[in-house]
Amino acid sequence: MAAPAYAPKAGGIAARARQGAMAAHTPPSWLDGLNPEQCLAVETTEGPLLVLAGAGTGKTRVLTTRIAHILASGLAMPSQILAVTFTNKAAREMKERIGHLVGPAAEGMPWLGTFHAISTKLLRRHAELVGLKPTFTILDTDDQIRLMKQVLQAEGVDEKRWPARQLANLIDGWKNRALSPAQVPAGEGAAFANGRGGKLYAMYQERLKTLNAADFGDLLLETIRLFREQPDVLAMYQQRFRYMLVDEYQDTNVAQYLWLRLLAQGRDPAHRNLCCVGDDDQSIYGWRGAEVDNILRFEHDFPGAQVVRLERNYRSTGHILTAASELIARNEGRLGKRLRTEDEDGEKVAITGAWDSEEEARLVGEEIEALQAKGHSLGDMAILVRISAQMREMEDRLVQLGVPYRVIGGPRFYERMEIRDAMAYLRCVVSPADDLAFERIVNTPKRGLGDATLQVLHAHARAARIPLMEAARYLVETEELKPKPRKTIRDLLADFGRWSAAAARMRQGELAELVLEESGYTEMWRRDRSAEASGRLDNLKELVRSLEEFPDLQSFLEHVSLVMEAADDDTGERVSLMTLHAAKGLEFDTVFLPGWEEGLFPNQRALDESGRAGLEEERRLAHVGITRARKRARIYFASNRRIHGLWNATIPSRFIDELPESAVEVLDAPASYSYGGYGQNNGYDQSRFDRAAGGYAGAAETAPSSYATPGWQRAQARGFGQGGFGRDGHGAGGSQFAAGRGGARGRSKGGPVIEGELVARSTGASAFSVGDRIFHQKFGPGSVALVDGNKLTVDFDKAGRKTVLDSFVEAT
DNA sequence: TAAGGCGTCGGGCTT
DNA sequence: CGACGCCTTA
């Protein structure tokens with residue numbers, strides 16, 4: 001599945017290493033080309049070891065070489081090494097690269113995989129010990145929600161006030177922290193559905209057990225429970241795993257930490273060889289349960305631990321590294337590293353201010369075209385945004401320019417509707433008791449089985465404590481159902497009977513085709529004339545194809561629920577467009593970083609919810625963004641951005657101010673003043689812009705020592721009691737971009753506060769009334785048509801009717 | 001059962 | 001503003 005062009009890491013040491021592995025007594029040639037720290041990380045095999053691997057320092061290479069080293073030196077057999085990754089992609093890559101290093105010996109690394117995949121393997125072996133059958137099904141988020149809905153309904157909880165989705169998040173959060181229903185802090189449980197959160201969690205768990213199912217969180221939790229309650233089982237694995245390796249340790253959550261600690265703290269000190277590789281400066285998943293603390297506490301948790309720092313960067317040029325290093329140095333909760341390179345300084349990090357987000361997109365597009373004209377490949381460029389809402393504008397622009405691009409990180413293959421439907425059919429064939437699967441497809445394609453019919457099925461199934469399919473089988477023999485649905489169900493059951501019989505004698509690919517065809521599922525999409533339909537049919541074909549690569553249907557279903565990803569079908573050179581989160585681990589020659597504005601980045605919500613910690617995580621995200629660049633990093637900010645449909649004035653991100661002057665250059669935005677035909681010769685407009693965007697550069701000129709004047713401090717100087725830019729327009733709390741609040745908490749480094757009005761300020765209650773003539777910075781002159789608090793609906797002379805905040809218009 | 005209206009809400013997204 | 005989910009109506 002193809003490492004795309006941006007993952008060029010595998011070195012040329014493969015062949016040599018293979019020789020080394022074969023000829024046991026030659027010097028370990030796989031160490032060739034490693035720097036001293038990397039060697040140390042590879043060769044320190046005994047005892048706990050933390051490898052702090054900065055961005056671009058050869059982390060994966062160290063990890064794979066370390067495994068090769070352990071194998072080739074005969075310290076352990078492949079089956080005695082536990083190697084855990086966070087994502088399937090990482091697991092796959094590691095497997096591949098170890099394969100290159102040591103040859104087929106890597107085939108026998110049965111314990112290389114994600115936390116979840118390894119947990120599943122363990123649980124299948126010992127399922128009875130935790131109250132499951134070895135054939136338990138793994139529920140994904142979709143199944144989870146539907147099950148949760150059932151629980152909420154059973155409890156009579158108002159699903160509008162307390163959405164299943166929210167409960168799912170809550171429970172996920174608890175599971176991330178390894179909390180069983182009984183362990184949920186009372187206050188947290190009480191916060192949902194008038195105090196019933198904890199109870200609902202318990203009920204949900206019960207339902208899972210009844211269904212012989214586990215969700216993702218359970219895979220870890222039940223394994224932990226297995227280890228805790230069955231000391232002999234635990235001891236067996238502690239004994240088996242002589243060497244343990246963990247990738248991306250900074251991303252582990254509490255449950256994963258406990259899981260590891262149980263395995264790594266066996267009786268036999270010779271087996272406490274846990275090697276964790278990670279980078280505290282790249283911990284960006286706190287919001288989904290990752291605990292930076294795990295890595296910060298490593299030496300404390302594992303006494304006698306050694307720490308190796310990889311600080312030599314092989315990716316980026318000097319200025320880029322300087323900029324990233326200075327930025328991240330502002331964080332306090334970190335172990336401390338400084339990336340260095342022997343490469344040249346290269347280009348400075350370029351910062352460009354744009355009038356608004358449209359112009360920003362245009363500037364990025366122009367730069368891409370300019371680079372392309374100079375012979376740079378589109379495949380070596382990426383646009384990294386903070387939130388996916390930013391993508392739209394970028395896409396629009398690229399489409400307009402005819403620049404091919406691809407979006408990284410859409411919905412995954414197995415999350416797509418058609419794949420999930422097809423799989424539900426197969427699940428029903430394999431395990432007729434799979435109620436969630438049955439429910440999903442009972443009326444897909446539409447066969448006239450509505451709510452009413454399903455209710456009857458449910459009622460009977462619950463009363464008799466049997467699966468839905470069995471209940472259906474019984475009910476078609478009675479008079480309880482109306483004749484029409486009764487026949488439909490009877491036919492469907494007959495279908496499933498036939499398919500189950502066919503399953504025994506057919507290859508699974510054929511079976512899938514048969515089922516999808518006879519059920520009318522493929523026909524449904526063939527008839528569908530919407531734009532996506534043909535893509536969906538392709539996906540189904542792809543599903544059937546990959547199905548053939550598995551020994552049997554069962555192992556395929558397992559694979560899909562844990563692993564499957566979209567086939568990498570793109571060819572040709574394209575600009576990559578993705579979020580900063582999705583960019584971790586990737587690298588590009590040129591990286592475009594738009595949207596560096598207070599409120600957007602650092603994101604106000606992160607600040608509001610997590611204060612200082614939130615700010616530091618945002619800063620790590622900025623650090624990740626810059627360090628993706630090999631040769632060119634270009635940062636952009638806009639002075640106006642539309643948020644939830646309304647134009648807001650914005651100020652440059654504090655992160656821009658935190659970059660060292662020596663490593664950046666501030667570029668002018670040539671087109672800034674000619675936007676939309678207004679302002680070319682309009683002193684008003686121009687001075688506004690000067691002070692908003694250009695003021696930054698101006699400060700640098702007149703007072704170099706105060707270069708680091710943070711935009712957010714200016715925001716503070718502005719005060720934040722007034723207006724605000726929130727949806728409600730009342731300035732009450734929650735306003736997206738009221739920059740002062742998180743900022744006040746993050747104020748650790750003082751600095752000169754430059755007074756100066758940056759943007760229009762609200763004047764309290766709206767000073768405008770219907771009919772007033774006004775001037776807007778972006779849309780030009782117009783008359784007020786409607787006043788709603790500080791929201792104005794204005795008929796602009798040229799731009800038509802728009803809704804804007806009164807703080808952005810001036811009376812004329 | 002299927003389409004359209006209405007209200008809500010707006011962060012990142014793996015397993 | 002625009003996406004999504006739920007509810008109403010044909």
Side-chain angles (χ1 to χ4, degrees), chain A residues 84-91 113-120 138-141 144-145 149 159-161 163-165 169 172 175-176 214-221 248 251-253 255-256 283-290 384-393 408-412 414-415 443-453 484-485 559-565 578-585 595 599-610 614 617-618 620-621 624-625 641-648 726-728 734-737 791 801-804:
Chain A
V84 201
T85 64
F86 205 71
T87 66
N88 293 301
K89 188 170 161 235
T114 63
F115 279 101
H116 293 84
I118 292 170
S119 295
T120 305
I138 299 164
L139 303 191
D140 60 24
T141 320
Q144 247 188 83
I145 303 267
K149 274 190 181 151
E159 283 181 73
K160 280 200 122 159
R161 259 201 86 193
R165 172 86 234 165
N169 285 334
D172 263 358
K175 289 186 174 177
N176 283 339
D215 65 20
F216 285 123
D218 284 344
L219 296 176
L220 292 165
L221 285 200
E248 306 281 15
D251 286 340
T252 52
N253 60 32
Q256 288 155 341
S283 166
I284 55 175
Y285 285 112
W287 53 273
R288 63 179 192 209
L384 312 182
V385 297
R386 174 62 183 83
I387 64 172
S388 33
Q390 288 173 264
M391 288 200 204
R392 184 64 167 274
E393 241 164 340
I408 310 268
R412 257 145 299 288
Y414 67 88
E415 283 168 3
N443 197 33
T444 311
K446 306 272 180 257
R447 5 178 113 84
L449 297 174
D451 243 14
T453 313
K484 212 164 138 197
H559 174 79
V560 171
S561 61
L562 281 174
V563 172
M564 195 143 160
E565 282 164 35
M578 70 193 92
T579 63
L580 285 160
H581 283 91
K584 197 173 81 154
L600 178 59
F601 190 38
N603 190 270
Q604 191 60 45
R605 267 181 78 165
L607 265 35
D608 287 344
E609 280 165 28
S610 316
E617 183 155 314
E618 293 288 303
R620 291 193 289 267
L621 202 47
V624 166
R641 187 174 296 274
R642 206 157 55 179
I643 295 138
H644 305 336
L646 291 177
W647 284 97
N648 286 136
R727 172 215 327 262
D728 53 16
S735 94
Q736 276 272 359
F737 280 13
K791 266 191 297 192
R801 177 169 284 208
K802 308 265 179 195
T803 304
V804 297

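Naming convention: chains lettered A, B, ... in sequence-line order (proteins, then strands); numbering from 1 in each chain.
The interatomic distance linking Ile387(A) (CD1) with dC9(B) (C1') rounds to 13 Å, in whole Å. Lys149(A) places its NZ atom 9 Å from the P atom of dG5(C), with the value rounded to the nearest Å. Straight-line distance from the CG atom of Asn169(A) to the C1' atom of dG12(B): 13 Å, rounded to whole Å. Distance, Lys89(A) NZ to dC13(B) P: 13 Å, rounded to whole Å. As rounded to whole Å, 14 Å separates atom P of dT15(B) from atom CG of Asn253(A). The interatomic distance linking Glu393(A) (CD) with dC1(C) (C1') rounds to 12 Å, in whole Å. Going from atom CG of Asp251(A) over to atom P of dG12(B) covers 17 Å, rounded to whole Å. To the nearest angstrom, P of dC9(B) lies 11 Å from NZ of Lys160(A).
Of the listed nucleotides (dT1(B), dG10(B), dA3(C)), dT1(B) has the atom at the smallest distance from the side chain of Lys446(A). The side chain of Asn88(A) lies closest to dT15(B), out of dT15(B), dC13(B), dG12(B). The listed nucleotides are dC13(B), dG11(B), dC1(C); the one nearest the side chain of Arg642(A) is dC1(C). Nearest nucleotide to the side chain of Phe216(A), out of dT15(B), dC1(C), dG12(B): dT15(B). The listed nucleotides are dA3(C), dG12(B), dT15(B); the one nearest the side chain of Thr87(A) is dT15(B).
To the nearest whole angstrom, the two C1' atoms, one in dG11(B) and one in dC6(C), are 24 Å apart.
Under the stacking definition used here (centres under 5.5 Å, planes under 30°), the residue Trp287(A) fails to qualify as stacked on the base of dG11(B). A stacked arrangement is assigned to His644(A) and the six-membered base ring of dG10(B), with a centre-to-centre distance below 5.5 Å and an interplanar angle below 30°.
In this structure, the side chains of Trp287(A) and Glu617(A) come closer than 4.5 Å at one or more pairs of heavy atoms.
Across all strands, Arg392(A) comes closer than 4.0 Å only to sugar-phosphate atoms, never to a base (heavy-atom distances). Base engagement by Glu618(A) is indicated by at least one non-hydrogen atom pair under 4.0 Å involving a base atom. Nucleic acid contact class of Gly217(A) (heavy atoms, under 4.0 Å, all strands): none. Among the atoms of the strands shown, none is found under 4.0 Å from any heavy atom of Asp218(A). The residue Leu139(A) sits apart from the nucleic acid: no heavy atom pair falls under 4.0 Å.
The side chain of Ser388(A) places no N or O atom within less than 4.0 Å of a non-bridging phosphate oxygen (OP1 or OP2) of dG11(B). For dT15(B), the OP1/OP2 oxygens have no side-chain nitrogen or oxygen of Thr141(A) closer than 4.0 Å. Not one side-chain nitrogen or oxygen of Asn176(A) sits closer than 4.0 Å to the OP1 or OP2 atom of dT15(B).
Residue Gly286(A) is the one, among Phe86(A) and Gly286(A), whose nearest nucleotide of DNA chain B lies closer to the 5' end (criterion: closest heavy atom).
By the 4.0 Å N-to-carboxylate-O rule, Asp251(A) lies close enough to Lys584(A) to be salt-bridged with it. Under a 4.0 Å N-O distance rule, the pair Asp215(A)/Lys175(A) qualifies as a salt bridge.
Below 30°, between 30° and 60°, or above 60°: for His581(A) and Tyr285(A) the angle between ring planes is between 30° and 60°, a tilted geometry.
Going from atom CD of Gln256(A) over to atom CD of Glu248(A) covers 11.5 Å, rounded to the nearest 0.5 Å.
One donor-acceptor pair, N or O on each side, does fall under 3.5 Å between the base of dG11(B) and the side chain of Arg605(A).
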- Given salt bridge (charged side-chain N to carboxylate O under 4.0 Å, His left out), test Glu618(A) with Arg386(A) step by step and report yes or no. CA-CA 9 Å; Glu618(A) 293 288 303; Arg386(A) 174 62 183 83; 2.7 Å; yes
